[in-house]
Amino acid sequence: MDDPDSFDTVYVSTYGNEIKRRLLFASPVVEASNMSRLAWLELETFSKDQGWCSDPSAGRWSWFEVGIVRPSDDSWTSYDEQDIIVPTSSESRALPTVQPESEEFMAWESHCNTLAGEDFEWLRGEKEFGPDHEIWTCLQAGDRI
């Protein structure tokens, strides 16, 4: 695995029961000629929860999703179709926003951070995005994952 110190850190914070989504990276545009070769996806993160929890029975409040982004506005035009889009830092390069619950964004939970975890750790997706997963039937040419 790569050295975690070499990665750019992206912070996402929220308060109360507000849900906030942040696009951490996006694949190159999926071309029609490559779609039949896509059959498996696994997400691995080096992450941590906030480090404390006042009510463990309320569940986990930090998780990762794998999604399909269907670019439909001008905020994506500055990116080359073959670019893997990643932030250069949490402050200097904002990624295009996606609107949850819209036709341009579909998501499936991959995994959660360890509840009240104080230390960063490598976490592998608990859910498999294998050949029979719904993501592959929803994916269209021109989308990004």
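Because only heavy atoms are used, hydrogens play no part in the values below, and waters and symmetry mates are left out as well, while side chains stay in.
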Task: Residues which pass side-chain contact (heavy atoms from CB on, under 4.5 Å) with Cys138, listed by chain and number, not counting sequence neighbours - done: Ile68, Met106, Trp108, Glu134
Task: Gln140: side chain to side chain donor-acceptor pair (under 3.5 Å) partners, not counting sequence neighbours - done: none
- [ ] Kindly indicate whether the side chain of Phe64, heavy atoms from C-beta on, has any atom under 4.5 Å from the side chain of Ser47.
- [x] yes
Open item on the list: Tell me every residue that passes salt bridge (Lys or Arg N to Asp or Glu O under 4.0 Å) with Lys127, counting only those two or more places apart in sequence or in another chain.
Closed with: Glu109
Task: Partners passing ring pair (Phe, Tyr, Trp, His ring centres under 6.0 Å) against Trp63 (at least two apart in sequence or in another chain) - done: none
Task: Gap between atom OG1 of Thr45 and atom CG of Leu24 - 0.5 Å precision - done: 9.0 Å
TODO: Quick one: list whatever passes side-chain contact (heavy atoms from CB on, under 4.5 Å) with Glu128, sequence neighbours left out.
DONE: Trp40
- [ ] Name all pairs fulfilling the salt bridge (charged side-chain N to carboxylate O under 4.0 Å, His left out) condition that reach into residues 31-42, sequence neighbours left out, sorted by first residue then second.
- [x] Glu42-Arg124
Task: ILVMFWY network linking Val30 to Ile84, side-chain heavy atoms under 4.5 angstrom - done: yes
TODO: For Val66, check side-chain contact (heavy atoms from CB on, under 4.5 Å) against everything at least two apart and list the hits.
DONE: Leu41, Leu43, Ser110, Phe129, Ile135, Ile145
Open item on the list: Any non-hydrogen side-chain atom of Asp83 less than 4.5 Å from a side-chain atom of Pro28?
Closed with: no
- [ ] Answer yes if Phe25 and Leu123 sit in the same cluster of Ile, Leu, Val, Met, Phe, Trp and Tyr residues linked by side chain heavy atoms under 4.5 Å apart, and no otherwise.
- [x] no
Open item on the list: Can you pull out every salt bridge (charged side-chain N to carboxylate O under 4.0 Å, His left out) where at least one residue sits in residues 57-69? Sequence neighbours excluded, please.
Closed with: Arg21-Glu65, Arg60-Glu126
Task: Pair listing, side-chain hydrogen bond (donor to acceptor under 3.5 Å, both in side chains) test, anchored in residues 49-59, at least two apart - done: Asp49-Ser62, Asp55-Ser57
TODO: List for me each residue that meets side-chain contact (heavy atoms from CB on, under 4.5 Å) alongside Asp119, sequence neighbours excluded, and say none if there are none.
DONE: none
